[in-house]
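Please read the structure below before turning to the comments.
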Protein chains: 2
Amino acid sequence: MIHNYKSEDKVLVAVDCIIFGFDDEELKLLLIKRDFEPEKGQWSLMGGFLKKDENLDQAANRILYHLTGINDIYLEQLYNFSKIDRDPVTRTVSVSYFALINISEHDTKLTANYSAKWFSFKDIPPLIFDHDKMVKHASRRLLYRASTGPIGFELLPEKFTMRQLQKLYEAILGEKLDKRNFINKINSFDILIKLEEKDMSSSRKGSFLYKFDQEKYQKKKAEGFSFKF
Amino acid sequence: MIHNYKSEDKVLVAVDCIIFGFDDEELKLLLIKRDFEPEKGQWSLMGGFLKKDENLDQAANRILYHLTGINDIYLEQLYNFSKIDRDPVTRTVSVSYFALINISEHDTKLTANYSAKWFSFKDIPPLIFDHDKMVKHASRRLLYRASTGPIGFELLPEKFTMRQLQKLYEAILGEKLDKRNFINKINSFDILIKLEEKDMSSSRKGSFLYKFDQEKYQKKKAEGFSFKF
DNA sequence: CCAAAAGTGTTTATGATACACCCATGA
DNA sequence: TCATGGGTGTATCATAAACACTTTTGG
């Protein structure tokens, strides 16, 4: 006997993207104004539906690109939300994805061509459906990511100062860190390249710029080096 | 304009359950012999399809109960597998769930009434579809769970010896642990109750039995105590 | 010359690891 | 009495945390 797949219920599978950014001061969340019913005009995560001819990762990338123009970033699968009436119109199961991006590289395009906007966590507007739960879940995952490996790669510009990196960690961990201990810790990872160049915008003295050494990082990771923060 | 939900593709959503057990010596995996095509007669995780009137957690519990009689355990959502042709018959997205259970409490029922069987990790048979990937993913999650909180609750009988608990951790972590350091660590958590009673089956001297103190554990957890192993 | 941020090491405390002997009992 | 597993504590090492002053330079 062949199992009768046809007798089984099919459901709509949605994908919702939680995108975190950092602007040198605080963590931000990318939202769009929904342009269709239900909940038209409300703020929402970037969402859409899985199509027959793509897997979930592909759907997440397509949906994010379509709604924000953001492309070629690493989206990580997070969790499913499947409460029966979570979408008032029809039964959907939503798969959440999250990613970290560098605001400065994406901001102009976003505000010019899309209805997407960055929000501080202090003033996130009410979100549709269960999107607030998704954001909470993603925040926990971000915290976990930050404590198990370096995260600056995606969130900071290519060249950055120690101060910027520290502010990023402080924003994610939600606590002030000691400057010297922070630098010692980061240096112990040995995955930064100190440049000759200084950033003169933040002080009279100027502060050295650094770059991530992707190669060294990949090598250390492959060797099982622990980047526990 | 109302978004046309009807134009979107619907897909079958499967749920597959990865169940770990422990038998005082090693970690085991519960599998069933598939009794329908495709892949009839092959070993497989416990799987089924999400129905319209249930959420994913409910589906996982229903499916596991139906196939094994196992009930009232905590199933944790793991990850989605969505490769387009992962199921050769029709497009499905599979949501994996995992759980830990105490073999001795479930074994007789299982072998008597169901075609489910426990396998050592050493000799897991070839599995259908992408179930081997699911198992790998679940093993990583188990390792993570073991390093962030106590795991004996579900995997051991109500009363157990320190030796049993240590063997469990050794099985999960995949390494031998020092007896004294292990006990010191566990005692530092302060969530066990030492009973008067001794287990005489393993040695002439006998070894004291312990119970988990659920109340103390919940209280400590609520206070943010870190059970990092 | 002073305000404002950058840069730099050492001491202390805490937790992790390594390690070896006596105990109780049934056969 | 002896073989078997059970039970116990300390010293050392490594990592984390606390902590304050000097440097640079534009205004």
Side-chain angles (χ1 to χ4, degrees), chain A residues 24-25 143 146-150 152 156 159-211 220 224-229, chain B residues 24-25 143 146-150 152 156 159-211 220 224-229:
Chain A
D24 274 22
E25 284 305 326
L143 193 58
S147 63
T148 53
L156 291 175
K159 301 171 183 181
F160 52 88
T161 65
M162 277 290 179
R163 193 96 203 98
Q164 283 177 287
L165 187 59
Q166 184 178 341
K167 275 188 178 165
L168 169 57
Y169 271 86
E170 287 176 340
I172 293 172
L173 302 175
E175 56 182 331
K176 288 264 167 254
L177 301 171
D178 178 87
K179 188 167 41 160
R180 284 162 295 181
N181 290 340
F182 179 79
I183 291 174
N184 287 158
K185 169 82 82 172
I186 294 295
N187 283 337
S188 77
F189 293 165
D190 186 29
I191 48 168
L192 293 188
I193 302 166
K194 186 176 189 169
L195 305 174
E196 301 292 308
E197 212 177 332
K198 279 189 163 189
D199 167 44
M200 303 305 296
S201 69
S202 64
S203 73
R204 314 211 192 285
K205 188 178 176 182
S207 57
F208 283 105
L209 288 164
Y210 292 80
K211 272 169 57 176
K220 292 210 160 202
F225 186 91
S226 161
F227 295 98
K228 201 175 84 49
F229 193 84
Chain B
D24 273 20
E25 283 306 325
L143 192 58
S147 62
T148 53
L156 290 176
K159 300 170 183 182
F160 52 88
T161 66
M162 276 290 179
R163 192 95 203 101
Q164 282 177 288
L165 187 59
Q166 184 177 342
K167 274 188 178 166
L168 169 58
Y169 271 85
E170 287 175 340
I172 293 173
L173 302 173
E175 55 182 331
K176 288 264 169 254
L177 301 171
D178 178 87
K179 189 169 37 160
R180 283 162 297 182
N181 291 340
F182 179 78
I183 291 174
N184 287 159
K185 170 83 82 171
I186 295 295
N187 282 338
S188 76
F189 294 165
D190 186 30
I191 48 169
L192 293 188
I193 302 166
K194 186 176 188 169
L195 306 174
E196 301 293 308
E197 213 176 332
K198 277 190 165 190
D199 168 44
M200 303 306 295
S201 69
S202 63
S203 74
R204 315 209 191 287
K205 185 180 178 182
S207 57
F208 282 105
L209 288 164
Y210 292 79
K211 272 168 58 175
K220 291 209 160 203
F225 185 91
S226 161
F227 296 97
K228 201 173 85 51
F229 193 85

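In what follows, every chain begins at residue 1, and chains take the letters A, B, ... in the order their sequences are listed.
- Residues from residues 160-177 of chain A placing a heavy atom under 4.0 Å of any atom in DNA chain D do not occur.
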Listing, residues 180-188 of chain B side-chain donor-acceptor contacts under 3.5 Å, not counting sequence neighbours, or none:
residue	atom	partner	partner atom	Å
N187(B)	ND2	I183(B)	O	3.4
S188(B)	OG	K185(B)	O	2.6

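- Residues passing the side chain to side chain donor-acceptor pair (under 3.5 Å) test with D178(A), sequence neighbours excluded: none.
- Under the salt bridge (charged side-chain N to carboxylate O under 4.0 Å, His left out) criterion, the residue pairs touching residues 160-175 of chain B are E25(B)-K167(B), E170(B)-K176(B), with sequence neighbours excluded.
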TODO: Treat primed atoms plus P, OP1 and OP2 as sugar-phosphate and everything else as base, then score nucleotides 14-27 of chain D 5' to 3': B for base contact with protein heavy atoms under 4.0 Å, S for sugar-phosphate contact only, - for none.
DONE: --SBBBB--BBBB-
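- Between the P atom of dA24(C) and the CZ atom of F208(B) lies a distance of 10 Å, rounded to the nearest Å.
- The CG-P distance, from N187(A) to dG9(C), rounds to 11 Å in whole Å.
- Taking the side chain as every heavy atom from C-beta outward, Y169(B) and L177(B) approach each other to under 4.5 Å.
- For F227(B), the ring-ring contact (aromatic ring centres under 6.0 Å, His included) criterion is met by F189(B), Y217(B), F225(B), not counting sequence neighbours.
- Annotation: salt bridge (Lys or Arg N to Asp or Glu O under 4.0 Å) contacts of K179(A) (sequence neighbours excluded): none.
- For F208(B), there are no ring-ring contact (aromatic ring centres under 6.0 Å, His included) partners at least two apart in sequence or on another chain.
- Pairs engaging residues 194-206 of chain A under the salt bridge (charged side-chain N to carboxylate O under 4.0 Å, His left out) rule: K159(A)-E197(A) [sequence neighbours left out].
- Distance CG (L209(B)) to C1' (dG6(D)): 13 Å, rounded to an integer number of Å.
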